[in-house]
A.B. asks: 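To start, I am sharing the structure in question, which I have written as structure tokens.
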2 protein chains.
Amino acid sequence: MTTTGEGTDHRAPSGPSATAADLPAATVRRLPEYLRALSSLGEAGVETVSSETLAAATGVNSAMLRKDLSQLGASGMRGVGYNVAALAAYIAGVLGLTKDSRVAIIGLGHLGQALARYPGFSERGFDIVGLFDADPGIIGKDLDGILVRDVALLAGAIRDEGINIGVIATPGAAAQHVADLLVDAGVTSILNFAPCVLAVPQGVAVRKVDLAVELQILSFHEHHKTIGRTNTDVKQQSRRPLAET
Amino acid sequence: MTTTGEGTDHRAPSGPSATAADLPAATVRRLPEYLRALSSLGEAGVETVSSETLAAATGVNSAMLRKDLSQLGASGMRGVGYNVAALAAYIAGVLGLTKDSRVAIIGLGHLGQALARYPGFSERGFDIVGLFDADPGIIGKDLDGILVRDVALLAGAIRDEGINIGVIATPGAAAQHVADLLVDAGVTSILNFAPCVLAVPQGVAVRKVDLAVELQILSFHEHHKTIGRTNTDVKQQSRRPLAET
DNA sequence: TGGTGTGAATGACTTCACAGCC
DNA sequence: GGCTGTGAAGTCATTCACACCA
């Protein structure tokens, strides 16, 4: 991420066997991209694809793609390529997309409402089964058939409804409290849109998406592109001490 | 990244001088986080902060924070720490946040509308000055005081209104076309929420945020946590060829 | 004493280049 | 001939450890 943004890495506390669980984080980040490209190809009727073609469709180097797939345990056919449908199914299996995940969204301001209605989630196997907010003005509202409930009911719903992923879209000040509620109720995967760092116990995976951060990174590039043409250079200014005694 | 999602790196086509423009990408990604933490501290009345404390607030190692700041040309005071206000101003300068950026959002479905209303953008110096869509049912709508215009007017608006960042929130099928419009009109920074890889000329910075990708990464961790307790292991299954002759 | 600045060591990721197989 | 699978090399990023300074 973002980056997306970058997420806290989960490190298995007691993983004895070397499994697919310890794939490099960088590889895991790319798997969803491969999957998306494979879906497109499949819909277009393509049956077989070379690493070169698939890599181009996902913006990576073909050697990296081959290495990624090789690490997964997937394999192609020399001189031929990869079977699109089989590879897609294989990657979906590694990502755990064979069974649908059950998602709760907490915080239904503009962003949370957009997330609740975003079709891309259900399309890719994520069922949004719970919406929660603390604002009485929003509780009770119906968003595309799902009722917004009081956040006080969150813990119970997590247990009763098998929710295993929590999406935090609250203001920053409320985010840590919500994260604590999620963790206490047994959720071990959190997607955080609030602009703050969450403290969670080991074994809980947190990924963070901060929309403003992405714009600031673009701003950096924008700024230093123009600087290349002018003369102002931050690095060559003499260093000013940034603390006083 | 997060988002995070990962963005295409900009590589200056003809950068002669070694400036702040070629900071490591990893460092640039962290600067907005430092800035956010510094803002919090500043509002809390803190005047000076150690690398240890600031690192904890941003979830990084303190040595890395010091190295990042050192690369920027910012410096603290040994035995004291960094001056919060001065460091924040310095990082804002490096990120190019001293002058506000002018942003257009193209595609005003649920996500685009949420972005248009997201207060975090204007709070951090990004002025949303243009909203564009192709759907006549949305064109003409007023979103918090900004009119949604026909995307046919995009190129003219970019030139007349000094827009320098484009945010694409259209469906995937339209995204490349919109990107071409942006690039042709001179925009060199694009934030892409559509689930597809954009082709752009060198010198144009693209960052991609795919919300479903983040959930799929969480799904991976979720899946392999439970696998650790059961016996099914993808890696140890015998390799099946994924292409047929 | 407390905390920065930074070489050196480690580790992670990516690319190259090519052997081997279909 | 074409394409995969993978050691080896190269690049980039992070952490360690400590000299140095207020």
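A, B, ... follow the sequence lines: proteins, then strands. Residue 1 opens every chain. Quick caveat, the model's predicted, so the values are computed rather than measured.
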A.B. asks: For the pair made of CG in A:L65 and C1' in D:dT6, what is the distance, rounded to whole Å?
C.D. replies: 14 Å
A.B. asks: Quick one: is A:N61 getting a side-chain N or O under 4.0 Å of the C:dC16 phosphate, OP1 or OP2?
C.D. replies: yes
A.B. asks: On DNA chain C, does the nearest nucleotide to A:A26 precede the nearest nucleotide to A:G79 from the 5' side, or the other way round? Give the residue.
C.D. replies: A:A26
A.B. asks: Would you say B:S51 reaches C:dT4's phosphate, i.e. side-chain N/O to OP1/OP2 under 4.0 Å?
C.D. replies: yes
A.B. asks: Looking at A:Y82, I'd like to know whether one of its side-chain N or O atoms comes within less than 4.0 Å of OP1 or OP2 on D:dG5.
C.D. replies: yes
A.B. asks: Checking contacts here: which listed nucleotide (D:dC21, D:dT14, C:dC13) is nearest the side-chain heavy atoms of B:M64?
C.D. replies: D:dT14
A.B. asks: Is B:R30 close enough to D:dT14 that one of its side-chain N or O atoms is under 4.0 Å from OP1 or OP2 there?
C.D. replies: yes
A.B. asks: Side-chain donor-acceptor pair under 3.5 Å between A:S101 and B:E222, yes or no?
C.D. replies: no
A.B. asks: Any N or O donor-acceptor pair under 3.5 Å from the base of D:dT15 to the side chain of B:K67?
C.D. replies: yes
A.B. asks: Please state whether the phosphate of D:dG7, meaning OP1 or OP2, lies under 4.0 angstrom from any side-chain nitrogen or oxygen of A:R66.
C.D. replies: no
A.B. asks: Using a strict 4.0 Å threshold on nitrogen-to-oxygen distance, state whether A:R36 and A:E33 make a salt bridge.
C.D. replies: yes
A.B. asks: Side chains of B:T48 and B:N83 only: does a donor on one sit below 3.5 Å from an acceptor on the other?
C.D. replies: no
A.B. asks: For B:D210, is there an ion pair with A:R124 - N to carboxylate O distance below 4.0 angstrom?
C.D. replies: yes
A.B. asks: Taking 4.0 Å as the cut-off, does a side-chain nitrogen or oxygen of A:S70 come that near to OP1 or OP2 on D:dT6?
C.D. replies: yes
